[in-house]
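Notes follow the structure.
Below, chains carry the letters A, B, ... as their sequence lines are ordered, and counting in each starts from 1. Side-chain atoms are counted along with the backbone in the values below, which use heavy atoms only and exclude waters and symmetry mates. Source: prediction; values computed, not measured.
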Protein chains: 2
Amino acid sequence: MNDATTYDPHAFEPFAVTVDLAVFTVREGRLHVLLIRRGQDPYAGAWALPGGFVLPRESAESAARRELAEETGLSRESAAALHLEQLRTYSEPDRDPRMRVVSVAYTALVPGLPEPRGGGDAAHAQWMPADGAPALAFDHARIIADARDRIGAKFEYTCLATAFCPRAFTLGELQQVYETVWGVELDRPNFRRKVLATPGFVEPVEGAPRRTGGRGKPAALYRAGTAATLHPPLLRPQRRF
Amino acid sequence: MNDATTYDPHAFEPFAVTVDLAVFTVREGRLHVLLIRRGQDPYAGAWALPGGFVLPRESAESAARRELAEETGLSRESAAALHLEQLRTYSEPDRDPRMRVVSVAYTALVPGLPEPRGGGDAAHAQWMPADGAPALAFDHARIIADARDRIGAKFEYTCLATAFCPRAFTLGELQQVYETVWGVELDRPNFRRKVLATPGFVEPVEGAPRRTGGRGKPAALYRAGTAATLHPPLLRPQRRF
DNA sequence: TCAATAGTGTCTTTTAGACAATATTGC
DNA sequence: GCAATATTGTCTAAAAGACACTATTGA
C-alpha cells in the first residue's frame, strides 16, 4: 500500500479537483436541468453543467454550495436550504483534455419557480429540458443520466420529491413531480391515500385553499413533513413482463 | 464560474487524490471489515482502511481495484470479479493533517472464506469485527459507518447480498447474511418464499446438497441469479412506534 | 348547465407476517 | 428415539391497484 507519508505532493503533475452541479427543477410537467454555455475551448459553445474548482481550504460540499449560490443567483442563506447531495466522483484520466481533473458531482433539487437570474457569471445559466438536451461538454451527459437514475430511485423510499415543490403545495403538484421524474402516470386516489398514510411525509397547512389553474375544485395545501424516509416505500409501478 | 482554462495547475498547493477501501465480509455471523495497521505517523499504530494514491494515468475505480488486489492478495482476475462500488468522496480540508487529500471511498463485498494473505504490503491486513472496532485513523470510522448504511439500504432492493456468499450457497447462509447486516432476525419460511419468488435473485444448482454444521437436514444449493435489483424489494422489518 | 380538478369510498389482488406441520439428517 | 436444521403449507393482516362516485370551482 502506498502511504501519504512517502508521497511528495509536487512529484507528480497535480490533480485538479472540481465540483459539477446537476441542478434539477420541474416546470410545466417536464424535468429541467440548469446548464451554462461554454465560452472557451474545449467544447466552446457547448452546454455544460455549472461547477468550478474546489478552493484550497474548502470541502467539496462547501464548493458546491458556493457555486450553486453563484449560478442560481440565490443568497447563501437560500442556497443553504436547498437540497444538495453528493452524487459520485468522476475520475477518468481523459475526461478533461487539458489536464487531470477529478470532479465530485452533486445533485440539487429546487422548486419550480425561481429563474436563474445570475449575479455575475450566472447570466448565461439557463433551464433546459432534461430530455432532448443538446450535446453536452465533457462527461456531463453521463452525470445527468446518473443523477436522474439516483433521483428516481430515491423517490421510492425518501421524501425527496417535496424538494421540487414550493413551501406549500397541493397533492396534485406533488403527484405531478412523481409522474414527471418517473415518466409514468399514477392513480390519484391511490397516490393520495399512500402519501397521507405515510407519517411525516406531508402535513396540512391552514389557510385558504389554492386553485391550480382556475378550473376545478381548489386543492388543500400541504408542506413537507419532518420525515426523511418513507416507510413503507412508494414503489414505482413495475413493468410486468 | 471558474473555468479550467484560466487555471494554472501549479498555482495552488496541489490536491492529492486517494482511494480508501471499505472491504466487508461476513464470518461467524458477524460483519467484518478489512483493516491495516499503520506504521507511521500520523496515527502510527492505529488501524486504518486500506487504500492508496490514484496514479496519474488511472481512474479512481482502477486504483481501487489495484489496491484491492494488492491488499487481499487476490489475482487481478479474482479482484475484478468482486463487487466493488463507489461509496462517496471525502474532502474535508483537514481530514489528513499533513496535506490536502481528497479521497474517493469504495465499498467491496467478498465471500467469507479467503484470508487476506497478502503479497507484499498486505501482510498486515486483517479482518476485524465491524462492531467494537478499535479507534481508526483519519475519518475512516465515518467511512465505515457510511458504507454500512449504504449496504444495509441496498440489501432491500438489490441482489447485493449474494456478493457475501460463495459461488454456491444455501438459503440459510443467504438469510444469515441478511440478518448479520441488518442486525435483525428473519422468519425462515417467509424469507425463503420471498427469495424464491423474486425472479433472478437465486437459481438452484444441481449436485449433492451440502450440510451446514453436520446436524440437521442438508440444504439445497443455489447460486446468484442474473437480476441486479429486487422487485418488489425485500424490506427490513420496521421498528413500529 | 358542463368541463375540470379535488377528494372519498369500495372492492379485489397481492404481499407480508406469524406460525403450525412435516422432512431429513447426526447422534 | 431426540435435537437440529430444511422445507412446505396455511391462515391473517396489511398494502397496492383499479375504479366508481361525490364535491367544488370557473365559465
For this session: Could you check whether the rings of B:His140 and B:Phe138 sit parallel, tilted or perpendicular, using 30° and 60° as the cut-offs?
Result: tilted

Please report, rounded to the nearest Å, how far the [atom2] atom of [N] is from the [atom1] atom of [X].
| X | N | atom1 | atom2 | result |
| --- | --- | --- | --- | --- |
| A:Leu171 | D:dA23 | CG | C1' | 16 Å |
| B:Phe191 | C:dA18 | CZ | P | 15 Å |
| B:Arg192 | C:dA16 | CZ | C1' | 17 Å |
| B:Leu196 | D:dT7 | CG | C1' | 10 Å |
| B:Leu230 | C:dT15 | CG | P | 14 Å |
| A:Leu174 | C:dT5 | CG | P | 18 Å |
| A:Phe201 | D:dA15 | CZ | P | 16 Å |
| A:Leu235 | C:dT15 | CG | C1' | 11 Å |

Exercise. Do the charged groups of B:Arg148 and B:Asp131 touch, with an N to O distance under 4.0 Å?
Worked result: yes

Problem set entry | Pair A:Asp20 + A:Arg95, salt bridge at N-O below 4.0 Å | yes

Exercise. Is B:Ala220 touching bases, backbone alone, or none of the nucleic acid, heavy atoms closer than 4.0 Å?
Worked result: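 Touches sugar-phosphate only.
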
Exercise. Can a side chain N or O of A:Lys194 be found less than 4.0 Å away from OP1 or OP2 on D:dA15?
Worked result: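 For A:Lys194, the contact criterion (side-chain N or O under 4.0 Å from OP1 or OP2 of D:dA15) is not met.
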
Exercise. A:Tyr90 and A:Asp146: side-chain donor and acceptor closer than 3.5 Å?
Worked result: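 Indeed, the side chains of A:Tyr90 and A:Asp146 share at least one donor-acceptor pair under 3.5 Å.
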
Exercise. Would you call A:Arg88 and A:Gln86 a side-chain contact if the rule is heavy atoms closer than 4.5 Å?
Worked result: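 SC-SC contact between A:Arg88 and A:Gln86 ruled out.
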
Exercise. Taking side chain as C-beta onward, heavy atoms only, is A:Leu82 less than 4.5 Å from A:Leu84?
Worked result: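 When only atoms from C-beta onward are counted, A:Leu84 and A:Leu82 do not touch, as no gap falls below 4.5 Å.
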
[X] (side chain) donor-acceptor with [Y] (main chain) under 3.5 angstrom:
| X | Y | answer |
| --- | --- | --- |
| B:Lys194 | B:Pro189 | no |
| A:Asp139 | A:Arg142 | no |
| A:Thr25 | A:Pro111 | yes |

Exercise. Bend angle of the helix from C:dT1-D:dA27 to C:dC27-D:dG1 from five-pair axes at both ends, rounded to 10°?
Worked result: 0°

Problem set entry | Per-nucleotide protein contact string for nucleotides 19-27 of chain C, where B marks a base within reach and S marks sugar-phosphate only (heavy atoms under 4.0 Å, - for neither) | BB--BBBS-

